[in-house]
Amino acid sequence: MAMAMMIRNAASKRTMTPISGDFGGLRSMSSWWKSVEPAPKDPILGVTEAFLADPSPEKVNVGVGAYRDDNGKPVVLDCVREAEQRLAGSTFMEYLPMGGSAKMVDLTLKLAYGDNSEFIKDKRIAAVQTLSGTGACRLFADFQKRFCPGSQIYIPVPTWSNHHNIWRDAQVPQKTYHYYHPETKGLDFSALMDDVKNAPEGSFFLLHACAHNPTGVDPTEEQWREISQLFKAKSHFAFFDMAYQGFASGDPARDAKSIRIFLEDGHHIGISQSYAKNMGLYGQRVGCLSVLCEDAKQAVAVKSQLQQLARPMYSNPPLHGAQLVSTILEDPELKSLWLKEVKVMADRIIGMRTTLRESLEKLGSPLSWEHVTKQIGMFCYSGLTPEQVDRLTSEYHIYMTRNGRISMAGVTTGNVGYLANAIHEVTKSS
């Protein structure tokens with residue numbers, strides 16, 4: 001009896017002992033996250049939130065980074081609808097391997113490296129399916145940190161804002177290099193080359209393969225060749241983020257030209273690929289990370305490490321999007337349909353660029369809008385100041401990021417005149 005009483009008393013004392021930790025004394029259970037402040041709003045996603053909250057019938061959203069048809073509606077491609085029908089009723093719902101769908105990866109590599117690539121034939125490419133382009137970039141950043149721990153990444157100014165978040169959270173130090181020239185609204189090629197030349201030998205550089213986000217400014221083919229040669233002289237590593245293959249010009253091979261130039265010059269490169277834009281599979285999160293290696297043995301080792309990094313992040317990638325991509329790319333008819341549809345999307349955006357420029361010129365704008373049609377891809381770096389963007393929003397209910405980036409996918413025949421007039425009004429006294 002005495003022993004039972006002692007046990008009960010000891011248990012009672014244990015349950016009554018206050019919780020203590022490494023946070024300087026006692027704390028109540030409710031105060032664990034007391035120091036957590038609200039995160040700043042994403043500058044891109046915040047635009048959409050503000051747009052949705054605006055009751056004005058005239059509101060226009062040219063901030064969204066997703067394709068819209070000429071009625072301003074989201075699009076599901078016909079090739080995707082057909083692939084969905086073929087997959088309907090599938091009984092396979094098992095996990096994919098850590099590296100994802102081997103079939104999807106193989107077909108994706110051909111888009112980047114070429115159908116007859118010697119590197120694919122020689123099994124020199126380590127590649128895994130990823131959570132779209134963001135996941136590919138993050139996986140590579142973690143790979144860089146683990147196996148080149150003293151390295152840093154050179155990122156262009158400007159770039160997609162999430163690039164900075166990705167390498168920051170992977171704890172890879174960042175440097176920047178010149179890219180955009182605000183006065184010409186084009187490429188600052190000489191400053192770019194100076195930065196590449198002055199970077200320590202063997203540096204990592206992030207390059208946009210095509211349709212640079214947010215500027216829409218790409219090097220010419222000759223400039224890419226010069227960049228490649230300088231990279232070779234400096235033994236730099238090029239990591240290409242290719243989010244818009246096919247979506248930029250309407251021709252996937254043309255949009256991969258920068259990568260093909262680097263391959264021809266003997267570089268070992270890394271590539272992030274995504275099917276968000278060019279197949280409209282935004283929510284399916286389908287992408288691929290590839291790293292070109294010395295030989296097949298090295299490729300096996302690198303792939304195993306990429307998979308090892310993926311395992312504690314998300315274990316393995318999702319199935320359905322990979323099945324859609326494979327179904328489309330392995331069927332000649334569906335692939336042909338996709339190529340036609342991606343060209344339609346690209347051509348609509350190119351057409352809206354022309355119409356927007358012509359509309360501004362007809363209004364008698366004192367400014368040059370030549371850059372609108374010279375730039376390529378989803379985005380136009382308009383040259384509008386943050387103050388002018390604020391006026392567009394407050395006076396005309398037009399929403400875009402404050403750096404003046406216009407998503408050309410949000411421009412339609414129905415709103416291009418209104419948009420041009422508003423831009424003219426806020427810039428005519430500049």
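Everything numeric in this text was worked out from a predicted model, so none of it was measured.
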Salt bridge [X]-[Y], side-chain N to carboxylate O under 4.0 Å:
| X | Y | value |
| --- | --- | --- |
| Arg124 | Glu118 | no |
| Glu330 | Lys103 | yes |
| Arg86 | Asp331 | yes |

Answer yes if the side chains of [X] and [Y] hold a donor-acceptor pair under 3.5 Å, and no otherwise.
| X | Y | answer |
| --- | --- | --- |
| Gln284 | His320 | no |
| Gln144 | Trp167 | yes |
| His212 | Asp218 | no |
| Gln388 | Thr427 | no |

> Do you know which of Asn61, Asp54, Thr393 makes side-chain hydrogen bond (donor to acceptor under 3.5 Å, both in side chains) with Tyr399?
Replying inline: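 So, applying the side-chain hydrogen bond (donor to acceptor under 3.5 Å, both in side chains) to Tyr399 and each of Asn61, Asp54, Thr393, only Asp54 qualifies.
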
> Should the pair Tyr177 and Phe205 be assigned to parallel (<30°), tilted (30 to 60°) or perpendicular (>60°) ring geometry?
Replying inline: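 Answer is tilted, since the angle falls between 30° and 60°.
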
> Going by the angle between their ring planes, with limits at 30° and 60°, are Trp160 and His163 parallel, tilted or perpendicular?
Replying inline: perpendicular

What side-chain donor-acceptor pairs closer than 3.5 Å can you find for residues 186-200, not counting sequence neighbours?
residue: Asp195; atom: OD2; partner: His178; partner atom: N; Å: 2.6
residue: Asp195; atom: OD2; partner: His178; partner atom: ND1; Å: 2.7
residue: Asn198; atom: ND2; partner: Asp194; partner atom: O; Å: 3.0

> Phe237 and ring pair (Phe, Tyr, Trp, His ring centres under 6.0 Å): which partner among Phe143, Phe140, Phe231, Phe147?
Replying inline: Phe140

>> Please evaluate residues Arg353 and Thr373 with respect to the criterion side-chain hydrogen bond (donor to acceptor under 3.5 Å, both in side chains), reporting the C-alpha separation (whole Å), side-chain torsions for both, the decisive distance (0.1 Å), and the verdict.
In response: CA-CA 5 Å; Arg353 287 182 178 276; Thr373 50; over 6 Å; no

> Quick one: CG on Leu319 to CE on Met93, what's the gap to the nearest 0.5 Å?
Replying inline: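 Here the rounded value is 6.5 Å.
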
> Please, which pairs that meet ring-ring contact (aromatic ring centres under 6.0 Å, His included) have at least one residue in residues 370-389, sequence neighbours excluded?
Replying inline: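 Applying ring-ring contact (aromatic ring centres under 6.0 Å, His included) to every pair that reaches into residues 370-389, excluding sequence neighbours, yields Tyr180-Tyr381, Trp369-His371.
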
>> Minimum heavy-atom separation for Gln273 and Ser290, please, with both atom names.
In response: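 That closest heavy-atom pairing would be OE1-OG, 4.5 Å.
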
> Could you walk me through whether Phe240 and Phe262 pass the ring pair (Phe, Tyr, Trp, His ring centres under 6.0 Å) check?
Replying inline: CA-CA 10 Å; Phe240 286 92; Phe262 271 67; 5.0 Å; yes

